[in-house]
> 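Starting off with a structure, shown below.
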Amino acid sequence: QVQLVESGGGLVQAGDSLRLACTASGRTFSNYAMGWFRQAPGKDREFVAALDWSGRTTYYDDSVKGRFTISRDNAKDTVYLQMNSLKPEDTAVYYCAGHRSPYYSGSNDEFDYWGQGTQVTVSS
């Protein structure tokens with residue numbers, strides 16, 4: 001079965017950086033788009049970023065555009081989220097998600113697989 005395992009979360013101060021990683025197994029990683037989502041306490045899960053199978057096309061929520069960068073290494077079956085200039089409002093559990101096709105269509109209903117999440121806490 002498909003498994004996604006996130007790592008790299010932690011407690012940082014506002015303005016700091018973190019890099020999250022998500023390693024996949026159970027299917028051919030390079031055939032599928034991938035994404036990152038987050039859920040803050042008391043809020044719904046929200047889209048953060050996504051990229052297509054090749055990594056050449058990326059998508060970001062406006063709240064993270066210019067600060068976060070999504071990338072992938074298909075040789076390592078891993079997708080990354082580089083987070084710079086972190087803000088307290090970025091505090092959330094961050095989830096890696098595996099898409100059902102090579103391309104992200106803009107619909108968040110097409111992610112079929114989810115990791116267990118990693119906590120990111122940004123103090124002011």
> Between atom CZ of Arg67 and atom CG of Asn84, what is the distance when rounded to the nearest 0.5 Å?
9.0 Å
> So does Ser107 get a backbone contact from the side chain of Ser105, meaning a donor-acceptor N/O pair under 3.5 Å?
yes
> Who pairs with Thr58 by side chain to side chain donor-acceptor pair (under 3.5 Å), at least two apart in sequence or on another chain?
none
> Write out all pairs satisfying salt bridge (charged side-chain N to carboxylate O under 4.0 Å, His left out) with one or both partners inside residues 19-44, taking only residues at least two apart or from two chains.
Arg38-Glu46, Arg38-Asp90
> Can you check whether Asp109's main-chain N or O pairs, donor with acceptor, with Arg100's side chain at less than 3.5 Å?
yes
> Assign the ring pair Phe37 / Phe47 to parallel, tilted or perpendicular, where the plane angle (0 to 90°) is split at 30° and 60°.
perpendicular
> Using 0.5 Å steps for rounding, measure from the OG atom of Ser17 to the CD atom of Gln82.
5.5 Å
> Treating Ile, Leu, Val, Met, Phe, Trp and Tyr as nodes and any side-chain heavy-atom pair under 4.5 angstrom as an edge, say whether Tyr60 and Met83 lie in one connected cluster.
yes
> According to a hydrophobic-cluster definition based on side-chain heavy atoms being under 4.5 Å apart (Ile, Leu, Val, Met, Phe, Trp, Tyr only), do Tyr104 and Phe68 belong together?
no
> Are Phe111 and Tyr103 connected in a single hydrophobic cluster, I mean Ile/Leu/Val/Met/Phe/Trp/Tyr linked by side-chain heavy atoms less than 4.5 Å apart?
no
> What I'd like to find out is whether the side chain of Trp36 reaches to under 4.5 Å of the side chain of Leu51, using heavy atoms alone.
no
> According to a 4.5 Å side-chain heavy-atom criterion applied to Ile, Leu, Val, Met, Phe, Trp and Tyr, with indirect links allowed, do Met34 and Val93 form part of one hydrophobic cluster?
no
> Excluding sequence neighbours, so at least two apart, what forms ring pair (Phe, Tyr, Trp, His ring centres under 6.0 Å) with Tyr94?
none
> Quick one: ring pair (Phe, Tyr, Trp, His ring centres under 6.0 Å) partners of Tyr95, sequence neighbours excluded?
none
> In a table with atom names and distances, give each donor-acceptor pair under 3.5 Å that connects a side chain of residues 3-14 to protein atoms at least two apart or in another chain.
| from | atom 1 | to | atom 2 | distance (Å) |
| --- | --- | --- | --- | --- |
| Glu6 | OE1 | Gln116 | N | 3.0 |
| Glu6 | OE1 | Gln116 | NE2 | 3.3 |
| Glu6 | OE1 | Gly117 | N | 2.9 |
| Glu6 | OE2 | Cys96 | N | 2.8 |
| Glu6 | OE2 | Gly117 | N | 3.2 |

> Only pairs under 3.5 Å count here: list side-chain donor-acceptor contacts from residues 70-81, not counting sequence neighbours, and write none if there are none.
| from | atom 1 | to | atom 2 | distance (Å) |
| --- | --- | --- | --- | --- |
| Arg72 | NE | Trp53 | O | 3.3 |
| Arg72 | NE | Asn74 | OD1 | 2.7 |
| Arg72 | NH1 | Tyr32 | O | 2.8 |
| Arg72 | NH1 | Asp52 | O | 2.9 |
| Arg72 | NH2 | Phe29 | O | 2.9 |
| Arg72 | NH2 | Tyr32 | O | 2.9 |
| Arg72 | NH2 | Asn74 | OD1 | 3.3 |
| Asp73 | OD1 | Ala75 | N | 3.0 |
| Asp73 | OD1 | Lys76 | N | 3.4 |
| Asn74 | ND2 | Trp53 | O | 3.1 |
| Thr78 | OG1 | Thr23 | OG1 | 3.2 |
| Thr78 | OG1 | Lys76 | O | 2.8 |

> Testing the basics here: between Pro88 and Ser124, what is the closest heavy-atom pair and its distance to 0.1 Å?
CG-CB, 3.8 Å
> Does a side chain donor of either Gln119 or Thr121 reach within less than 3.5 Å of an acceptor in the other side chain?
yes
> Is any side-chain heavy atom of Val122 less than 4.5 Å from a side-chain heavy atom of Lys87?
no
